[in-house]
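Since the structure comes first, as structure tokens, the remarks are kept for the end.
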Amino acid sequence: MTAAQKLQITQQRIQAACQAANRHPGEVQLLAVSKTFPVQDVLALAAAGQEAFGENYLQEAVDKITQAAEQSELGRHLQWHFIGPIQSNKTRPIAEHFDWVHSVDRLKIAQRLSDQRPAHLPALNVLVQVNTSGEASKSGVSPANALDLCKAVAQLPHLTLRGLMTIPSNTDNVAGLRDEMLLCKTLFDSLQQHSLTVDTLSMGMSADLELAIACGSTCVRVGTALFGQRSKIPTPNQG
Ligand SMILES: *Cc1c(COP(=O)(O)O)cnc(C)c1O
């Protein structure tokens, strides 16, 4: 299958899921997760119309962003989202190279990103990552502390709080997955009740984007369905 065909099939899945959930397809953005895949694959998908790309590993991402911009006009106009775990000594290149960050889970990281955002760039769009599964191994702020962290992030001058992100448990238990996604949706709605202006709920991947859209996702992060199986690092949320 070509990149264009994979993109079309994924867009059709999103449309069908929106229809089933009585939602407008324009409400759900597709983020193409290109980690482990080369810049050629990114540019092929970009040529088919995809604009937003997500990356987990900083050095790989910075190399790819630079190469994409060097290799084509199209590659200069892509939108890049950082979706991996963030170490505090790695915030500067994230602040310099990305348009969005989905994985802010503590205030210290947010403060550093704001301080290090270059003055000539617009504010960095930020999602607070919530640990909805309760697994200690997972990144993310606890649901109980999510509101306070969002309020603090919203105050920072060079960040724009856009919403929440979650990576639910890696499980086949659909009922459990739905509970975790609905918990994140409830938190998302409660931000608006606390006068925070947010518009983005990032949840759902190749295997569960339909469920995520049914649970209120506005941004699905899709890797495998667009690029194929990754040869290494099968689970998300690793450094
Ligand atoms: C790798 C990754 C994805 C994409 O997962 P697929 O199952 O390949 O679609 C989505 N989100 C995060 C945070 C990831 O690390």
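Numbers for residues simply follow the sequence, beginning at 1. The model shown is predicted, which means the values in this text are computed figures rather than measured ones. We count ligands from 1, going down the list as the structure has it; atoms in each ligand are counted the same way. Atoms considered below: every heavy atom in the structure, side chains included; atoms not considered: hydrogens, waters and symmetry mates.
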TODO: Decide, yes or no, whether a salt bridge links E60 with K35 under the criterion of side-chain N to carboxylate O below 4.0 Å.
DONE: no
TODO: Using the rule that two of Ile, Leu, Val, Met, Phe, Trp, Tyr join whenever any of their side-chain heavy atoms come within less than 4.5 Å, decide whether V222 and L31 are in one cluster.
DONE: no
- [ ] May I ask you to list the atoms of ligand 1 that are less than 4.0 angstrom from any heavy atom of I167?
- [x] 13 (C)
Open item on the list: Tell me the closest heavy-atom pair linking F98 and L124, and the distance in Å.
Closed with: O-CD1, 3.4 Å
Task: Best match, P85, S103, S34, S206: closest heavy atom to atom 6 (P) of ligand 1 - done: S206
Open item on the list: Need the ligand 1 atom indices (1-based, order shown) with element for anything under 4.0 Å from a heavy-atom of V222.
Closed with: 9 (O)
TODO: Under 4.0 Å from a heavy atom of N56: give me the atoms of ligand 1 that qualify, with their elements.
DONE: 14 (C), 15 (O)
Task: Pick from A32, G54, G223: the one approaching atom 4 (C) of ligand 1 most closely through a non-hydrogen atom - done: G223
- [ ] Run the numbers for me: atoms of ligand 1, each under 4.0 Å from some heavy atom of I83, listed by number.
- [x] 11 (N), 12 (C), 13 (C), 14 (C)
Open item on the list: Which option wins on minimum heavy-atom distance to atom 2 (C) of ligand 1: R221, M205, M203, K35?
Closed with: K35
Task: Which residues share a salt bridge (Lys or Arg N to Asp or Glu O under 4.0 Å) with R162, sequence neighbours left out - done: D199
- [ ] Please verify whether a non-hydrogen atom of H102 lies at under 4.0 Å from ligand 1.
- [x] no
Open item on the list: Can you name the atoms of ligand 1, numbered from 1 with element, that are less than 4.0 Å from a heavy atom of T224?
Closed with: 6 (P), 7 (O), 8 (O), 9 (O)
Task: side-chain hydrogen bond (donor to acceptor under 3.5 Å, both in side chains) involving T2 - partner list, sequence neighbours excluded - done: Q5
Task: Flag for T166-E180: side-chain donor and acceptor within less than 3.5 Å - done: no
- [ ] Please state whether the rings of H81 and W100 are parallel, tilted or perpendicular, taking 30° and 60° as the class boundaries.
- [x] parallel
